[in-house]
2 protein chains.
Amino acid sequence: MTDRAGTFDGVHRRNLSKVLGHVHLEGPLSRARLTAMTGLNRSTVASLVAELTARGLTIEQAPDPTNRVGRPSPVVAPDPRVLAIAVNPEVDAVTIAAVGIDGGIPARERIEVDHLPSPDETAELVASALDRWRSGDLRDARFVGVGLAVPGLVRASDGLVRFAPHLLWSDVPIRALVEAATGLPTAVGNDASLGAIAEHLFGAGRGVDDMVYLNGGASGIGGGLIVHGRPVGGSAGYAGEFGQNRPGIAMIDDRRAAEGVLEDEVSRARLLEVVGLDHGDEPALAAALAATDSTAVADEVGRQSRILATALCNAVNVLNPSLIVLGGFLATLAERDLGALEHAVAAQAMPAASEGLSIRVAALGENRLLIGAAEIAFADLLADPLVR
Amino acid sequence: MTDRAGTFDGVHRRNLSKVLGHVHLEGPLSRARLTAMTGLNRSTVASLVAELTARGLTIEQAPDPTNRVGRPSPVVAPDPRVLAIAVNPEVDAVTIAAVGIDGGIPARERIEVDHLPSPDETAELVASALDRWRSGDLRDARFVGVGLAVPGLVRASDGLVRFAPHLLWSDVPIRALVEAATGLPTAVGNDASLGAIAEHLFGAGRGVDDMVYLNGGASGIGGGLIVHGRPVGGSAGYAGEFGQNRPGIAMIDDRRAAEGVLEDEVSRARLLEVVGLDHGDEPALAAALAATDSTAVADEVGRQSRILATALCNAVNVLNPSLIVLGGFLATLAERDLGALEHAVAAQAMPAASEGLSIRVAALGENRLLIGAAEIAFADLLADPLVR
DNA sequence: CACTATTTGTTGCGCTTGACCCCAAATCCG
DNA sequence: CGGATTTGGGGTCAAGCGCAACAAATAGTG
């Protein structure tokens, strides 16, 4: 939104945004429900919906056969032809998907690579996928932007990847590269932060305004915050790097790493090692943990849980969230005994702050990052449906 | 603001709020500058200002003799007769002040008590001060509300003091008590969180949207966050309790307290002890620290600084603020060598996150809490100047 | 199968309110 | 003292939402 806030035009845009946002988040809604949710007048909602539909952002469907008295209300749904490209480059593959503003994923490709994907290569892969889809199944779709979920530090102002340790990307202007290759406006975010956004909007954190998300990946621990219902980027966009924190370690014997950095102490690699796996995906790790009754495994799980609990407490004391969502191997770790973790957090955090707190496991599956990436690609359109 | 967002009335209210907010924060402003700052039309600003002045919220003064070409623009200032009562109960005194929406403090009383002030007593003291002022010097003032800065956990929803350890208040409905005694709408907040708000709006954090504030008091360490330019309360309002955090302590010998809680390790009492003072206010402690060259003192200062640095790093990694403001004895501690602290933080925190970071000492003096308390008392009026 | 009650879409009108335009006022500068 | 510049003031315009009256579509009832 430009600086039109406070003007009539601004009101109109905001109202359009509100309506579109509701159907984007909640799915198809009757106009009657939209009037209730927005607080606007029936006639106003009608004209707003008509405008959105004329712009190809929503579609109006026949009323649902609800068994209620009164004239049935047409159902407003996001137009599934409005798409974003979501991209997630990883060490061994680049995943590219077309994500609808209705939440659907009409196309998805995981392109395996036998080398680290370079920035240019990534941009080319995105452009070629876009070309294929545009001339194929998604011929009548409208691509509004690209969103990238990058496993590294991303500067929010210009979408520069400051450092992505596993991709070996350093100061890469990935946003500019992808924009040049595709001609589409592009947004870039840290993968864990986008995971937090996805879980907040569509997953375990739906409707929760103050939330902390922690994700345990193969390479470390990342995360994201939702405060006042909005994702927190910080001054440059680097917020959420829980993995680099140094939590207190109560038992001296619990410390493994010299620096005491969270992601060195609580790590997937250490879990894999103790269960005797060399590699392994998340289900394999979970299965191995469930299968064994070795005390060494139990000790390591306990040790990591204790340290994780302290790290969570620090976040709870400072942010007083109503929800902590754990993903990746942290979910695996916590899921074994969620009650114990909640108990440990309650024991160490301020009593008042832990009262309203719950800890949950991430709800979205492997599409989480794509959904988050699509969300930042849709952000401009959702904030102001009249752009362009 | 009610649910009028999105309607024309809402626009009008928001515009009034914007204008009033600007003159509240920046002091007297010419109408020309207001039009530039709000982006609204000249005529619109003129009518908004006229409405605010008619409601007794602003005053229009003769133009400043600026040496610029063109017709001089009348200066709009907040009406100094619009007052809030700011209250800060402490163990040995209750401070009560009348704070103007223009930032002035036309009346201020520190009422010493020889016992812990009870909630009822506090409410009575406020009511009697209000009565005195209303029939005295501030006869023609308009009191719009009361704000309390309480050294303890305050539930935001209803202004209940969950626990104030030093006052020995526990589950005290102080908001209701003060409202009953004064008849004025009352807001309650944690003292450190209000300090953060005050420093953000008028102190070291002016214009900074992502800020962390830590205050070292006699009793512990509290703080507050500003994210997206707004104070963070969390789900229940308890956010900012840095003192209860457990930061990693790299050197084993540095740990003093069994639990490793920040405010047990980094504490005013330990500093007073090592310099050999029994009691002492902040200047006395600073002077004593400056005067001595004892190695024991240097060791303790170094130890506390190291632990503080780690605690700050944890916040920096997670929140990526552009500014950390330190108050109370933490300011005293840091001021001795601010560069060293910044260096220590930069060494431990993520490099990218510490790039744009500065650490400053709090700028507001002893009125900080009163200013913060007044701010929450003014909040409703500033958000919607048409209330009541 | 009428008839009522209920809910909601539709339509036209009116009101609020900020933008725009033109002119006047006040200042500086040469 | 006159031109340039900036800003205030008042009148008019137009955009957009609320409102009210009416119509339409459903469920329930006897």
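Chain identifiers are assigned alphabetically (A, B, ...) following the order of the sequence lines, protein sequences preceding nucleic acid strands; residue numbering begins at 1 within each chain.
Remark: B/S47 engages no residue in a side chain to side chain contact (heavy atoms under 4.5 Å, CB included) (not counting sequence neighbours). Qualifying side-chain hydrogen bond (donor to acceptor under 3.5 Å, both in side chains) partners for A/E60, counting only residues two or more places apart in sequence or in other chains: A/R31. Qualifying salt bridge (Lys or Arg N to Asp or Glu O under 4.0 Å) partners for A/D102, counting only residues two or more places apart in sequence or in other chains: none. Taking B/R108 as the reference, B/N367 meet the side-chain hydrogen bond (donor to acceptor under 3.5 Å, both in side chains) condition, with sequence neighbours excluded. The side chain to side chain contact (heavy atoms under 4.5 Å, CB included) test applied to A/D137 returns no partner, not counting sequence neighbours. Qualifying side chain to side chain contact (heavy atoms under 4.5 Å, CB included) partners for B/R33, counting only residues two or more places apart in sequence or in other chains: B/L29, B/S30, B/M37.
Note on A/H12: every side-chain N or O is 4.0 Å or more away from OP1 and OP2 of D/dA15. For C/dG18, the OP1/OP2 oxygens have a side-chain nitrogen or oxygen of B/N15 closer than 4.0 Å. Of the side-chain N and O atoms in B/S73, none sit less than 4.0 angstrom from OP1 or OP2 of D/dT7. Contact check, A/R13 against D/dA15: no side-chain N or O comes under 4.0 Å of OP1 or OP2.
Proximity of residues 47-60 of chain A to DNA chain C (heavy atom under 4.0 angstrom from any strand atom) is not detected for any residue.
Per the geometry, CG belonging to B/L34 stands 14 Å off C1' belonging to D/dG8, to the nearest Å. Rounded to a whole Å, the CG atom of A/N41 is 15 Å from the C1' atom of C/dT16. Regarding B/L29, its CG atom lies at a distance of 13 Å from the P atom of D/dG8, rounded to whole Å. Taking atom CZ on A/R42 and atom P on D/dA23, their separation rounds to 15 Å, with Å as the unit. B/L40 has its CG atom 16 Å from the P atom of D/dT7, to the nearest Å. Atom-to-atom, CG of B/L16 to C1' of C/dT17 comes out at 11 Å; the value is rounded to the nearest Å. In this structure, A/K18 places its NZ atom 16 Å from P of D/dG16, rounding to the nearest Å.
A donor-acceptor contact under 3.5 Å is not formed by the side chain of A/S43 with the base of D/dC17.
A pairwise comparison of heavy atoms in A/T186 and A/R175 identifies O-CD, 3.0 Å as the closest pair.
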Task: Reading 5' to 3' through nucleotides 24-30 of chain D, protein heavy-atom contacts under 4.0 Å coded B for base, S for sugar-phosphate only, - for none - done: BBBS---

Check residues 138-145 of chain A and write down every donor-acceptor pair under 3.5 Å in which the side-chain atom is one partner and the other belongs to a residue at least two apart or another chain.
unit_1	atom_1	unit_2	atom_2	d
A/R139	NH2	A/S135	O	3.3
A/R142	NH1	A/R55	O	3.2

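Counted by atom type alone, A/H200 and A/E375 present zero donor-acceptor pairs between their side chains at under 3.5 Å.
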